[in-house]
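Numbered from 1 within each chain, the chains take letters A, B, ... in sequence-line order.
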2 protein chains.
Amino acid sequence: MTTKNVNPNVSVDCVVFGFDNERLKVLLIEQKLSDKEKVQLALPGDLIIDDEGLDEAANRVLFEISGLSGIFLQQYRAFGDPDRVSDIKDLDWLKSYRSNPQARVITVAYMALVKMEDFSPEASSFAERVFWQDIEETPQLAFDHNKILFEALERLRDDFVNYKTGFELLPEKFTLGHIQRLYETILGKDLDKRNFRKKILKEKLVSPTNQKQTGVLHKPAVLYKLNHEKV
Amino acid sequence: MTTKNVNPNVSVDCVVFGFDNERLKVLLIEQKLSDKEKVQLALPGDLIIDDEGLDEAANRVLFEISGLSGIFLQQYRAFGDPDRVSDIKDLDWLKSYRSNPQARVITVAYMALVKMEDFSPEASSFAERVFWQDIEETPQLAFDHNKILFEALERLRDDFVNYKTGFELLPEKFTLGHIQRLYETILGKDLDKRNFRKKILKEKLVSPTNQKQTGVLHKPAVLYKLNHEKV
DNA sequence: CAAACTTAGTGTAAATTTTACACTTGCGAA
DNA sequence: TTCGCAAGTGTAAAATTTACACTAAGTTTG
């Protein structure tokens with residue numbers, strides 16, 4: 001009880017889901033361990049700085065690592081097992097301004113969902129490589145990042161079950177089929193076409209334009225747009 | 001970018017809701033500032049220790065401050081505005097083992113719901129007083145604790161809307177009226193008696209016993225019990 | 001140019017869930 | 001014995017959810 005504590009390092013980790021009208025992906029980085037030559041995959045994340053809030057830190061870190069900005073990151077929980085980052089001394093990626101390189105790392109996890117076409121991640125600072133990874137084929141990640149990712153996905157699906165979010169991922173003009181594929185992708189299951197359309201149209205969040213798809217190898221669909229005042 | 005950071009203090013705060021078959025309360029503590037004579041009200045919380053996990057820390061801290069243990073605490077988010085605890089230097093309650101008394105404090109918030117009759121909080125360590133405060137009359141709290149409490153309440157209600165939680169708050173034998181009052185208390189609104197009973201009974205989480213209430217000044221109600229295999 | 005392929009688009013009936021609503025019952029207290 | 005109080009009970013209407021199959025309109029292929 002009178003032990004002198006060393007304050008923990010505090011980091012933020014960002015689980016950025018990307019949708020490409022087809023598959024759900026997650027933004028990963030490849031980082032190199034300092035002395036050994038091993039590389040490992042991880043979620044973008046880094047230590048916070050003294051005078052910034054957590055939300056602010058998440059946005060900064062994501063930008064510094066991947067070049068992405070303007071993304072709405074939602075915090076969903078903190079992870080703080082004392083040994084969740086055990087081989088911390090081996091790591092290059094804890095930046096030079098850390099004050100206690102030997103101390104544990106507590107991380108605050110953030111989640112976002114974006115359309116991939118709007119964002120082209122570019123590796124910078126200590127990341128060797130930044131890329132979109134298909135969610136169905138997630139590899140082994142560093143530390144407890146697989147767990148952090150899994151919980152983010154659970155939260156993402158929770159947010160989708162009420163059918164009121166996710167439209168922001170669609171292009172300006174989109175078809176009802178696009179929305180349905182979005183929902184099927186996120187929820188990981190098939191939905192009945194007629195029932196889905198009924199439900200979406202009842203919400204009145206989208207309206208038809210007088211345009212149709214072109215250049216598709218099937219009957220062209222009516223294009224819809226968002227009712228911005230409602231979203 | 002090359003600034004030497006001071007690692008933040010990390011604390012846990014516990015929002016323990018208590019139900020007394022009547023009202024919803026929250027566990028608060030009264031603590032004294034060091035030099036001045038002012039006292040302030042706050043949620044039970046304290047810094048974490050090096051080698052403990054966050055969940056572990058929450059349980060320890062709650063026990064040390066209030067004597068309560070065996071409570072299921074659920075983490076719901078971290079709060080980390082850089083100036084959320086601005087007058088930290090004035091505070092006695094940051095224990096002696098803190099390493100950076102001048103640094104910011106990031107807190108990880110936990111929530112629990114218990115039946116008050118099972119727990120008799122007793123002030124210990126640095127708390128002057130520990131008590132149950134009616135949720136409808138929450139006073140001004142220290143730091144951002146009003147915000148932390150508000151978000152806990154939102155989360156609590158979210159957990160209740162699916163009608164599948166909260167039974168653990170009831171005595172061993174209880175009436176349907178008790179459950180309804182519990183739900184009305186948590187949700188903060190009245191529910192239709194007949195519809196509520198229909199719904200609860202359909203869930204099949206409770207079964208009637210062959211006993212009835214005694215000593216009540218009205219028609220005695222049938223007592224129910226939990227179907228433990230389902231809860 | 002006909003056939004094949006692909007997704008768009010559409011309606012209904014049954015089942016389930018939700019909502020609104022009012023009176024009688026049994027106990028203790030006065 | 002009457003009064004106050006919460007227990008206990010049923011139904012109809014409305015809303016929501018679910019299951020289900022064919023035609024339409026383009027493009028590509030042979």
Atom pair distance, as rounded to whole Å: CD1 in A/Ile179 and P in C/dG9 = 11 Å
Round to the nearest Å and state the distance from B/Lys202 atom NZ to D/dT9 atom P.
-> 17 Å
What is the distance from CG of A/Leu191 to P of D/dC20, rounded to the nearest Å?
-> 15 Å
Out of C/dA8, C/dC27, D/dG8, which nucleotide sits closest to the side chain of A/Arg197?
-> C/dA8
Mapping B/His178 and A/Gly215 to their closest nucleotides on DNA chain D, which lands nearer the 5' end?
-> B/His178
Taken to the nearest whole Å, CD/B/Gln213 to C1'/D/dG8 is 12 Å
Taking for each residue the nucleotide of DNA chain D bearing the nearest heavy atom, is the 5' side occupied by B/Asp192 or by B/Lys219?
-> B/Lys219
Which residue, A/Leu187, A/Val15, A/Ile135, A/Ile186, forms the side chain to side chain contact (heavy atoms under 4.5 Å, CB included) with A/Leu156?
-> A/Ile186
Okay, side chain of A/Thr107, backbone of A/Ala109: is any donor-acceptor separation there less than 3.5 Å?
-> no
Are any of B/Arg194's side-chain N or O atoms less than 4.0 Å away from OP1 or OP2 of D/dG10?
-> no
Look at the side-chain N and O atoms of B/Lys199 and state whether any lies under 4.0 Å from the OP1 or OP2 oxygen of C/dT18.
-> yes
To the nearest angstrom, the NZ-C1' distance between B/Lys212 and C/dG28 comes to 15 Å
Salt-bridge criterion met for B/Glu184 and B/Lys189 (N-O under 4.0 Å) | no
Distance, rounded to the nearest Å, where B/Phe196 contributes CZ and D/dA6 contributes C1' | 15 Å
A/Asn195 CG to C/dA15 P, straight-line distance once rounded to whole Å | 16 Å
Mark yes or no for a side-chain to base donor-acceptor pair under 3.5 Å between B/Lys198 and C/dT19, with no hydrogen or angle criteria applied.
-> yes
May I ask you to say whether B/Lys225 pairs ionically with B/Glu172, meaning some side-chain N is under 4.0 Å from a carboxylate O?
-> no
Closest to the side chain of A/Leu217, out of C/dC21, D/dT28, D/dG8, is D/dT28
Salt bridge present between B/Arg60 and B/Glu64 (N-O < 4.0 angstrom) | yes
With the side chain of A/Ala221 defined as its heavy atoms from C-beta on, choose the nearest nucleotide among D/dG8, D/dT27, C/dG9.
-> C/dG9
Ignoring hydrogens and angles, are the base of C/dG9 and the side chain of A/Lys193 linked by a donor-acceptor pair under 3.5 Å?
-> yes
Value in whole Å for how far the C1' atom of D/dA6 lies from CG of B/Asp190 = 14 Å
